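A quick write-up on the structure given underneath.
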Amino acid sequence: MTATVPDPAPAPSPAPATPAAPLGVAVLGYSFMGKAHSNAWRNVGAFYDTPPVTRQVLVGRDQDQLSAAAQRYGWAETSTDWRAVLARDDVQIVDICTPGHLHAEQAIAALEAGKHVLVEKPLANSVAEAEKMAAAAREAATRGVIAMTGFTYRRIPALVLARQLISDGKLGKIRQVRIAYLQDWLADEAAPMTWRLRKETAGSGAMGDLASHAVDQVQFLLGERANSVSATINTFVPQRPGPDGPEPVTVDDAAWATLRMPSGAVASVEVSRFATGRRNALEIEVYGSGGHLRFDLENLNELHYYDAGAPATLQGSARILVTDADHPYLNAWWPPGHILGWDHAFTSQAADFLTAIRTGTPPAASFEDGLAVQRVLDAMERSAAQASTAVVI
């Protein structure tokens, strides 16, 4: 199945917030992503003209750790019962930052309760779960309830500019895309077991964690969805020290895939959590008949553009510092040349979500976008199980 990726909603404009009753926010989860999202909810009103929010309740399982996180991040209350939070009249937004196996149950229940829902990527642990979530989002939309998938890198100004340049034809006909997302936090064989290494909680390993971002960027940048996938996956360390002794690792450590697009473009995707010395390296290259673009998350304010139409004596890759006020999202932030960081994309994401709530505009990335990525991840896993045979989506 193929489909065109919808255009992203326009970025909200910075200005003093319009007075309105604050929307109460509940974040489910308080560790890495809970911290990043808490920071975004704290800052969004200071930079964007969006409906005001209150950081109402932070939800988690361990009350001691939860209380410490809530105090540090500035939350008014805590709760260890997410279902009880959904029944509260002072909570209008539910932001889900829990492990993947909880996403479907929590998101569907929140939508049925009339809450606007933001879910961290990947949307779910399986296509079946993602389909149920997308169906729930479609039904909720008829009641004016917004549901969005947290593909935060769609808010990096350089990548939004890259999409615009591709859409405007600056690269001509797109032929190749290369994306590598490399981390090394599991390179040490003695690193302990975590929920991210168990299929029942994480769904997959580097595929769900990193390839979800990479696949979404291919589809976001090109404005189309993959229709065929071939892949191979590998688990380098088959067991890890667990709380009760050695425990089998039941997910992938690394994956490689080739995606074919309806336009004829071919994308290669490589993801690994074993790339020694690469802390969080997302490298993107897009090659067309008229030029190419290059991006590196470790230099996220820069986009490199090669114009094949320039005179031969002037051809070369131009470094664009994406910090001017007329660059995507930048009118909310700092003067030209004052660079943004990784965390700023989360604040911009929260602003887009709040703008969708205020205007009733379908958000990007939608649950349908999350489902589309889940279908590619599923195809990758099936292809790997069939000796890299191409799987049609």
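Index from 1, following the sequence. Computed from a predicted structure; not experimentally measured.
Remark: of the listed residues R154, R375, R163, R154 is the sole one forming a salt bridge (Lys or Arg N to Asp or Glu O under 4.0 Å) with D216.
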Problem - Working for salt bridge (Lys or Arg N to Asp or Glu O under 4.0 Å), residues R240 and E189 - result: CA-CA 7 Å; R240 294 277 182 178; E189 295 187 14; over 6 Å; no
Exercise for the section: Using the salt bridge (Lys or Arg N to Asp or Glu O under 4.0 Å) rule, take E283 and R278 through it: C-alpha gap first, then chi angles, then the decisive distance, then the call. Expected result: CA-CA 11 Å; E283 299 172 339; R278 307 307 301 273; 2.9 Å; yes
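Taking the ring-ring contact (aromatic ring centres under 6.0 Å, His included) definition, one finds that F346 meets it with H37, W342, sequence neighbours left out. With sequence neighbours left out, the ring-ring contact (aromatic ring centres under 6.0 Å, His included) criterion links H292 to Y287, Y306. Take Y73 and apply the ring-ring contact (aromatic ring centres under 6.0 Å, His included) test, not counting sequence neighbours, and it matches no residue.
Here the side chain of H103 pairs a donor or acceptor atom with the backbone of P122 at under 3.5 angstrom. Within the 3.5 Å criterion, the main-chain N or O of E139 finds a donor-acceptor partner in the side chain of T142. For T235 (side chain) and V251 (main-chain N/O), a donor-acceptor pair under 3.5 Å exists by modelled atom type. Between the side chain of N125 and the backbone N or O of T201, at least one donor-acceptor pair lies under 3.5 Å.
Under the 4.5 Å side-chain heavy-atom criterion for grouping Ile, Leu, Val, Met, Phe, Trp and Tyr, I156 is connected to I166 within one hydrophobic cluster. When the side chains of ILVMFWY residues are joined at heavy-atom separations under 4.5 Å, either directly or via intervening members, L186 and M207 end up in two distinct hydrophobic clusters.
The nearest pair of heavy atoms linking G208 to K121 is O-NZ, 3.8 Å. Here the closest non-hydrogen pair linking T149 and S366 is OG1-O, 3.0 Å. Across all their heavy atoms, A226 and V376 have their closest contact at CB-CG2, 4.3 Å.
Between W334 and F47, the ring planes lie perpendicular to each other; the angle is over 60°, past the 30° to 60° tilted range.
R273 and D184 are not joined by a salt bridge, as no carboxylate oxygen comes within less than 4.0 angstrom of a charged side-chain nitrogen. Contact check on E105 versus R83 returns a salt bridge, with a Lys/Arg side-chain nitrogen under 4.0 Å from an Asp/Glu carboxylate oxygen. Comment: D49 engages R358 in a salt bridge, judged by a side-chain N to carboxylate O separation of less than 4.0 angstrom. Salt bridge status for R88 with E77: present, with a side-chain N to carboxylate O gap under 4.0 Å.
The closest side-chain heavy-atom distance from S126 to D378 is not below 4.5 Å.
When ring centroids are compared, W333 and H344 come within the 6.0 Å threshold.
Within the structure, salt bridge (charged side-chain N to carboxylate O under 4.0 Å, His left out) pairs that include any residue of residues 298-310 comprise E302-R319 (at least two apart or interchain).
Alongside L182, the hydrophobic cluster contains no other residue (criterion: ILVMFWY side chains under 4.5 Å). Grouping Ile, Leu, Val, Met, Phe, Trp and Tyr residues whose side-chain heavy atoms lie under 4.5 Å apart, directly or via other members, places V145 in a hydrophobic cluster with L28, V57, V59, W82, V85, L86, V91, V94, I96, I108, L111, V117, V119, L123, M133, F367.
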